[in-house]
**Student:** 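So that we are looking at the same thing, I have put the structure below in structure tokens.
Bear in mind the structure is a predicted one, so any value in this text is a computation, not a measurement. Atom set for the values below is all heavy atoms of this structure, side chains included, hydrogens, waters and symmetry mates excluded. Numbers here simply count residues along the sequence, with the first being 1.
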Amino acid sequence: MTISPPFLGFPDRLADGRRPRAVIFGAGHGSTYRGKDSSGYALAADAIRAASQDDAALVDHWDFDLAGPLFDGKPACCIDAGDMPTTMHDNAGNQARIEAKTREVLTLPAVPILLGGDDSVPIPFLAGFADHGPVWILQIDAHIDWRDELHGERCGYSSPMRRASEMPHVVGIVQVGLRSVGSARVADIEAARHYGSRFVTAREIHAQGVEAALRHIPEGARVVVTLDCDGLDPSIMPGVAARTPGGLTYTQVIDLIAGLGRRARIAGFDLVELYPPADIDGLSALIAAHLFVNAIGAIVRQI
């Protein structure tokens, strides 16, 4: 595993054998569809790491998003463990490695934070929580991702929430930021509703605030956040393959993260679908880096 440079300059291990509270790791490839090229998504982890470097010397400074420095007076407790060795089209192998790494982090115990590739990566990430449930899922996305199968693949980027709904340790799903044409087929909507997924559209968040989503999360629940970059508006997150207007703002997303940290416990966090070839002047990578900072800050404050 190689990283260059590490996120915010974090070490790859803590001194004196101390155990980290959160572990960042990257996964460039999950389950790629036959005939498709997912190599652009594999650039995301290093793009986010690079975007974080200007703030690496500032982690002890005041952050008005977090109402205090990143670690809130606590010792630095997050490491960057590098990237998983994934290979495009080695779908079964990639799934096994991502799930194993997630399980490894959880046994430390620590909160796994995944710098993802495409939106198939959350499937093995979520599967890694099998011995650490029950968990809820808070998905931030323009799409519901409830396809049962596409191009002969059941674990591709169109299916993560469908596969998650079949995991016994997943007890509830809240899907936030949904909007526009193309998010789902009628049969997918019906399947998600039959399962009991809670839909919260982007327009509901714009009109009612993030409480429209947070109210569906039981207080004290363990929650895994999976954040698809196209859940944000393309005016601030252009580096995605499916630009969809009307998305969430940066402030709405960090308010969701902070509100979740106060209401429940963030058990894991992934960010996927950043597509650096479509980015504009590194804006999307910068936004993604700041979202990770907010996630780490929320996790530290809940421990």
Side-chain angles (χ1 to χ4, degrees), residues 44 47-48 51 63-66 113-116 118-119 121-122 136-146 157 160-161 164 172-184 189 192 197-217 223-264 266 268-276 278-280 282-299:
I48 295 169
D63 187 324
F64 281 95
D65 287 352
L66 298 169
I113 299 176
L114 174 58
L115 297 167
D118 70 35
D119 206 2
V121 170
W136 279 70
I137 296 172
L138 176 66
Q139 179 204 28
I140 301 170
D141 201 323
H143 314 99
I144 70 166
D145 295 339
W146 215 275
Y157 59 69
M161 292 302 99
I173 300 175
V174 180
Q175 301 184 257
V176 187
L178 311 174
R179 62 191 187 277
S180 193
V181 66
S183 179
I189 295 288
S197 181
R198 284 76 164 174
F199 293 160
V200 184
T201 66
R203 292 181 73 169
E204 287 178 276
I205 296 293
H206 296 324
Q208 303 172 31
V210 298
E211 183 57 31
L214 293 174
R215 67 189 181 204
H216 296 294
I217 301 289
V223 183
V224 181
V225 179
T226 179
L227 195 165
D228 184 322
C229 287
D230 66 35
L232 282 84
D233 193 76
S235 63
I236 59 167
M237 185 64 75
V240 297
R243 293 176 179 169
T244 308
L248 303 188
T249 69
Y250 172 80
T251 302
Q252 287 169 337
V253 174
I254 65 171
D255 283 351
L256 267 173
I257 294 169
L260 182 65
R262 291 189 296 268
R263 180 180 181 86
I266 300 174
F269 185 94
D270 74 56
L271 183 146
V272 296
E273 292 286 319
L274 178 65
Y275 189 68
D279 203 359
I280 298 174
L283 174 62
S284 303
L286 178 65
I287 295 291
H290 280 273
L291 292 174
F292 273 111
V293 168
N294 277 268
I296 293 166
I299 289 165

**Student:** Rounded to the nearest 0.5 Å, what's the gap from CD1 on Ile137 to CD1 on Ile173? Could you check?
**Tutor:** 4.5 Å
**Student:** Any side-chain to backbone donor/acceptor pair from Gln252 onto Thr249? Under 3.5 Å, distance only.
**Tutor:** yes
**Student:** Say whether, by atom type as modelled, one donor and one acceptor occur between the side chain of Asp270 and the main chain of Gly116 under 3.5 angstrom.
**Tutor:** no
**Student:** Pick from Asp141, Leu227, Val253: which one makes a side-chain contact (heavy atoms from CB on, under 4.5 Å) with Leu248?
**Tutor:** Val253
**Student:** Does any non-hydrogen side-chain atom of Thr226 lie less than 4.5 Å from one of Phe269?
**Tutor:** no
**Student:** Supply the atom-to-atom distance Arg179 CZ to His206 NE2, rounded to the nearest 0.5 angstrom.
**Tutor:** 7.5 Å
**Student:** Return the CG to NE2 distance between Leu178 and His143, rounded to the nearest 0.5 Å.
**Tutor:** 9.5 Å
**Student:** Could you point out which residue of Val174, Leu271, Leu256, Leu291 forms a side-chain contact (heavy atoms from CB on, under 4.5 Å) with Ile140?
**Tutor:** Leu256
**Student:** Please name all residues satisfying side-chain contact (heavy atoms from CB on, under 4.5 Å) with Asp255, sequence neighbours left out, ordered by chain then number.
**Tutor:** Val210, Thr251
**Student:** Would a 4.5 Å heavy-atom cut-off, applied to side chains only, mark Val176 and Gln139 as touching?
**Tutor:** no
**Student:** Just verifying a value: how many Å separate Ser284 OG and Asp279 CG, rounded to the nearest 0.5 Å?
**Tutor:** 3.5 Å
**Student:** According to side-chain hydrogen bond (donor to acceptor under 3.5 Å, both in side chains), who are the partners of Ser235, at least two apart in sequence or on a separate chain?
**Tutor:** Asp233
**Student:** Check Cys229 against Val240 and note the closest heavy-atom contact, atom names and distance.
**Tutor:** CB-CG1, 3.6 Å
**Student:** Say you draw a straight line from CD of Glu211 to CD of Glu204; how long is it, rounded to the nearest 0.5 Å?
**Tutor:** 12.5 Å
**Student:** Mind checking whether Ile266 and Ile257 have side chains closer than 4.5 Å, heavy atoms only?
**Tutor:** yes
**Student:** Please give me the minimum heavy-atom distance between Ala47 and Pro276, naming the atom from each residue.
**Tutor:** CB-CG, 4.1 Å
**Student:** Side chains of Ser197 and Gln175: is there a donor and an acceptor less than 3.5 Å apart?
**Tutor:** yes
**Student:** With a 4.5 Å limit on heavy-atom distance, are the side chains of Ile113 and Ile299 in contact?
**Tutor:** yes
**Student:** Test Val272 against Asp118 for side-chain contact (heavy atoms from CB on, under 4.5 Å), laying out the working first.
**Tutor:** CA-CA 6 Å; Val272 296; Asp118 70 35; over 6 Å; no
**Student:** Can you tell if the side chain of Met237 reaches within under 4.5 Å of the side chain of Tyr250, non-hydrogen atoms only?
**Tutor:** no
**Student:** Which is it for Phe292 and Leu115 under the side-chain contact (heavy atoms from CB on, under 4.5 Å) test, yes or no, and what are the steps along the way?
**Tutor:** CA-CA 9 Å; Phe292 273 111; Leu115 297 167; 3.0 Å; yes
**Student:** How about Ile48 and Leu274: do any of their side-chain heavy atoms sit closer than 4.5 Å?
**Tutor:** yes
**Student:** Might you point out which heavy atoms bring Pro238 and Leu283 nearest each other, and give the distance in Å?
**Tutor:** CD-CD2, 4.0 Å
**Student:** Side-chain contact test, heavy atoms from C-beta onward, threshold under 4.5 Å: evaluate it for Leu138 versus Leu260 and give yes or no.
**Tutor:** yes
**Student:** Residues two or more places apart in sequence or in another chain: which of them pass ring-ring contact (aromatic ring centres under 6.0 Å, His included) with Trp146?
**Tutor:** Tyr195
**Student:** Is it true that a side-chain atom of Arg198 and a backbone atom of His216 form a donor plus acceptor pair closer than 3.5 Å?
**Tutor:** no
**Student:** Carefully, step by step, assess Trp136 and Ile217 under the rule side-chain contact (heavy atoms from CB on, under 4.5 Å).
**Tutor:** CA-CA 8 Å; Trp136 279 70; Ile217 301 289; 4.2 Å; yes
**Student:** How long is the span from the CG atom in Asn294 to the CG atom in Leu66, to the nearest 0.5 Å?
**Tutor:** 5.0 Å
**Student:** Check the pair Val181, Thr244 against side-chain contact (heavy atoms from CB on, under 4.5 Å), reporting the backbone distance first and the verdict last.
**Tutor:** CA-CA 9 Å; Val181 66; Thr244 308; over 6 Å; no
